[in-house]
Amino acid sequence: MERRLAAVLAADMVGYSRLMDVDEQGTLARLRTHRIELIDPAITKNRGSIIKTTGDGMLVEFPSVCDAVACAAEVQDRMRRRNADVAPDKRIQFRVGVNLGDIIFDDGDIYGSGVNVAARLEQFAGTGDVCVSAAVYGQVRRMGGAAVRGSG
C-alpha cells in the first residue's frame, strides 16, 4: 500500500436512473460519446488517472489541484455547450466534487479520507457544478486559477 497526497475528483451523472429507464441504449451511447470525445481526453490533457468508473460516475486522481479543477471546469463548460440544443429531459449532466487529501493506493484502487470527502462534495454539487474543498479552493486561489465555489 502506498499513501500520498493527491487531488481526487469524484463525478456522477445527474438523473442517470431516469434516463436509463426512458432509453437505455440511447443514454449509454450518448454517455460513451461524451467520454470518448470530451471527458477522457480532458482527463488525459490535465494529467489525471481514472481509478474506477461506475455506470454513472468515476473517480479520478490528479497530481495537482489545479489540474483537477481545470479538468472539471473544462468538462462542465463543454457539456453546457453540448447540451444547448438538447431537450432538458434528455440532457446528460454531471456534478463534480474535488478534494485534496491523503489517499491510500492499494491494488489499483484508492481509499481514505481524501476519497471520501471528494465523494461527499460531489453529492453537494448542483447539476453542472463543481464543488471543491476548502483545501482545493485555497490552492487554486493562490495559483490564480478559475473561480470555484469552496466548501467549509
Side-chain angles (χ1 to χ4, degrees), residues 6-101 103-133 135-137 139-140 143 145-151:
V8 179
L9 181 151
D12 81 338
M13 193 170 117
V14 178
Y16 177 77
S17 295
R18 178 188 54 78
L19 289 166
M20 289 294 284
D21 284 345
V22 172
D23 179 12
E24 282 182 349
Q25 290 182 342
T27 298
L28 290 175
R30 290 192 323 274
L31 179 57
R32 187 176 302 112
T33 298
H34 292 312
R35 288 273 320 265
I36 291 167
E37 295 177 359
L38 167 61
I39 299 166
D40 291 8
I43 291 168
T44 300
K45 175 178 134 187
N46 289 287
R47 303 182 307 141
S49 299
I50 298 172
I51 302 300
K52 74 169 86 174
T53 61
T54 59
D56 69 334
M58 63 176 40
L59 188 62
V60 185
E61 183 262 335
F62 291 85
S64 84
V65 294
C66 289
D67 291 334
V69 170
C71 180
E74 177 182 345
V75 168
Q76 295 293 49
D77 182 56
R78 290 183 60 197
M79 283 304 300
R80 270 189 279 288
R81 286 187 266 150
R82 283 176 168 233
N83 281 320
D85 296 329
V86 177
D89 63 329
K90 296 203 184 292
R91 289 180 182 159
I92 290 182
Q93 298 173 302
F94 300 97
R95 57 187 183 163
V96 178
V98 180
N99 183 42
L100 173 66
I103 58 175
I104 299 168
F105 280 85
D106 185 37
D107 197 27
D109 207 346
I110 57 176
Y111 305 90
S113 63
V115 175
N116 297 339
V117 171
R120 287 188 191 108
L121 290 168
E122 172 249 297
Q123 293 172 355
F124 288 124
T127 300
D129 287 344
V130 178
C131 185
V132 303
S133 66
V136 170
Y137 181 79
Q139 286 288 318
V140 172
M143 301 281 209
V148 292
R149 184 180 79 199
S151 72

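Note: hydrogens, waters and symmetry copies are ignored here, and every other heavy atom, side chains too, is used.
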Side-chain donor or acceptor of Asn46 paired with backbone N/O of Ala42 under 3.5 Å: yes
Gln139 side chain to Cys66 main-chain N or O, any donor-acceptor pair under 3.5 Å? no
So which heavy atom on Ser64 is nearest to which on Ala7, and how close? O-CB, 3.6 Å
Would you give the length of the straight line joining atom [atom1] of [X] to atom [atom2] of [Y], rounded to the nearest 0.5 angstrom?
X: Ile39; Y: Thr53; atom1: CD1; atom2: OG1; value: 11.0 Å
X: Thr127; Y: Arg80; atom1: OG1; atom2: CZ; value: 11.0 Å
X: Leu121; Y: Cys131; atom1: CG; atom2: SG; value: 4.5 Å
X: Asp40; Y: Lys45; atom1: CG; atom2: NZ; value: 14.0 Å

Would you mind reporting whether [Y] and [X] have side-chain heavy atoms less than 4.5 Å apart?
X: Ile51; Y: Asp109; result: yes
X: Val96; Y: Val75; result: no
X: Val98; Y: Val65; result: no
X: Val69; Y: Val130; result: no

If the condition is side chain to side chain contact (heavy atoms under 4.5 Å, CB included), which residues does [X] pass it with, not counting sequence neighbours?
X: Pro63; result: Arg47, Asp67
X: Arg81; result: Asp77, Arg78
X: Asn83; result: Met79, Val86, Arg91, Gln93

Keeping to residues at least two apart or across chains, list the salt bridge (charged side-chain N to carboxylate O under 4.0 Å, His left out) pairs with something in residues 53-64. Arg4-Glu61
For Arg120, enumerate each residue passing the side-chain hydrogen bond (donor to acceptor under 3.5 Å, both in side chains) test, keeping only those at least two apart in sequence or located in another chain. none
Exactly one of Glu24, Gln25, Arg30 clears side-chain contact (heavy atoms from CB on, under 4.5 Å) with Thr27, and that residue is Arg30
Residues 8-21 side chain polar contacts: donor-acceptor under 3.5 Å, at least two apart:
unit_1: Asp12; atom_1: OD1; unit_2: Arg95; atom_2: NE; d: 2.8
unit_1: Asp12; atom_1: OD2; unit_2: Arg95; atom_2: NE; d: 3.4
unit_1: Asp12; atom_1: OD2; unit_2: Arg95; atom_2: NH2; d: 3.2
unit_1: Arg18; atom_1: NH1; unit_2: Asp89; atom_2: O; d: 2.9

